[in-house]
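This one's a predicted model, so the numbers in the text were calculated from it and none came from an experiment.
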Amino acid sequence: MHLQCAVFLFPYLRRRRIQQMTHWAFCENLNPESVVIEDAEAHHLLHVLRLGAGSELTLFDGNGTAADAVVSSASRRDVTCRILTRITKPRDGQGTITVIAPPPKADRLKWMVEKLTEIGVDRLILLNSQRTIVTPSETRVDKLRANVIAACKQCRRPFLMELLPLKSFNSVVEDLAAQTTGDISYIAHPGLASKEDNPRTHDSSRSAGQNLSVLIGPEGGFTDDEIQIAVNAGHKPISWPGSILRIETAAIVFGSLLMSQHR
């Protein structure tokens, strides 16, 4: 009995082992039969993973295409790979999940970006509200894209999460108000919502193409004026019962709740 199970499981375990051993690397253009990887990705492949000619890996372009490839040559600064096969994963057609949150301090922002990428959020907009303290520069936001790529490689996600630089509260509310009819936007604030307003109690079915978004407040929360502006614009109030969450925790919690409605 045990021998039969082992024989049955061996091909599956072997496939799992191969998948786990295959390293992922980011490459924006997977159309040529041969591609060159440079800069930070090449450094990681050469000096961290120590790949060389003949090493197998998986390349992804951040837009849903992944390719099995083999290293054909490597120099001190770049890696040339030959594409073997390509697979393109279409988006699910269920619309997008957007988290809008002020940047928390220091490494908490990096952690938030990584975890939102891992759980499958489509877009993160950094929010500049009245009580926002940290205001990362455009350069800092560009650096955060490396964390998005690293998280995609870790969780084997072929789509990059879109990361938008700091936007004012009013401009975000105006943009969301102009969404397609049927899209739903939430605003999270402690004690603001009743049980009926919580997304966990909403109908889990979702129309094709329907977009969901959630506004997360800064340390100290939204001001009364901001809450009123958002509610007047059609944002549904939500809150987490019995606890006040930090920015990055709230982003993960409510992002996960929106994901669980339809995926």
Side-chain angles (χ1 to χ4, degrees), residues 24-30 39-41 59-66 88-104 108-129 132 134-180 182-188 206 208-216 218 235 247-248 250-263:
W24 274 46
F26 177 68
C27 180
E28 291 189 11
N29 185 7
L30 294 178
D39 303 324
E41 283 295 288
L59 304 177
F60 75 105
D61 65 359
N63 292 311
T65 297
T88 299
K89 178 182 177 181
R91 291 190 181 273
D92 58 17
Q94 292 295 315
T96 60
I97 300 293
T98 301
V99 171
I100 305 127
R108 292 164 53 199
L109 173 57
K110 174 183 173 182
W111 186 89
M112 183 176 76
V113 168
E114 290 175 347
K115 302 313 168 188
L116 289 176
T117 301
E118 289 176 17
I119 66 175
V121 167
D122 298 294
R123 182 171 59 164
L124 170 62
I125 301 175
L126 299 180
L127 179 66
N128 188 12
S129 62
T132 297
V134 179
T135 54
S137 65
E138 292 285 342
T139 303
R140 173 61 175 159
V141 171
D142 289 342
K143 290 181 179 179
L144 287 172
R145 188 169 182 265
N147 300 123
V148 174
I149 293 173
C152 284
K153 292 190 289 187
Q154 174 66 34
C155 66
R156 304 301 194 253
R157 175 181 173 177
F159 295 99
L160 294 180
M161 180 181 70
E162 184 181 4
L163 180 60
L164 277 68
L166 216 62
K167 294 188 69 172
S168 71
F169 177 86
N170 288 338
S171 65
V172 167
V173 171
E174 290 174 1
D175 290 345
L176 293 176
Q179 289 183 136
T180 305
D183 293 346
I184 302 176
S185 298
Y186 297 94
I187 178 169
R206 185 183 179 200
Q210 185 183 47
N211 302 310
L212 302 179
S213 59
V214 59
L215 280 162
I216 306 295
H235 291 69
I247 295 171
E248 66 275 20
I252 301 301
V253 166
F254 291 112
S256 298
L257 284 175
L258 297 191
M259 294 287 298
S260 68
Q261 287 192 36
H262 60 93
R263 294 185 181 179

(request) Taking the side chain as every heavy atom from C-beta outward, state whether V173 and S185 have any pair of such atoms under 4.5 Å apart. (result) no
(request) Report yes if the side chains of T98 and N211 come closer than 4.5 Å at any heavy-atom pair, otherwise no. (result) no
(request) Flag the pair C152 / F26 as yes when at least one side-chain heavy-atom distance between them is below 4.5 Å, and no otherwise. (result) no
(request) State, yes or no, whether a side-chain contact exists between M112 and L124 at a heavy-atom distance under 4.5 Å. (result) yes
(request) Please determine which of L127, I187, V99, I100 meets the side chain to side chain contact (heavy atoms under 4.5 Å, CB included) test together with I216. (result) V99
(message) Checking side chain to side chain contact (heavy atoms under 4.5 Å, CB included) between R145 and each of V141, N147, I149, which is the one that passes?
(response) I149
(request) Mark yes or no for whether R157, through its side chain, and T117, through its backbone, hold a donor-acceptor pair below 3.5 Å. (result) yes
(message) Measuring from atom CD of E248 to atom NZ of K110, what distance do you get when rounded to the nearest 0.5 angstrom?
(response) 14.0 Å
(request) Please round to the nearest 0.5 Å and tell me the distance separating atom CG of L144 and atom CD of E114. (result) 9.5 Å
(message) Checking the side chain of D122 only, and the main-chain atoms of I97 only, is there a donor and an acceptor separated by less than 3.5 Å?
(response) yes
(request) State whether the number of non-hydrogen atoms from other residues, nucleotides or ligands found under 6.0 Å of K153 atom NZ is greater than 12. (result) yes
(request) Measure the CD1-CE distance between I119 and M259 for me, rounded to the nearest 0.5 Å. (result) 6.5 Å
(message) Just checking K167: does its NZ atom have more than 12 heavy atoms from other residues, nucleotides or ligands closer to it than 6.0 angstrom?
(response) yes
(request) May I ask you to test the L126-L109 pair for a side-chain heavy-atom distance under 4.5 Å? (result) yes
(request) Starting at CG of L163, measure out to CD1 of I125 and round the result to the nearest 0.5 Å. (result) 10.0 Å
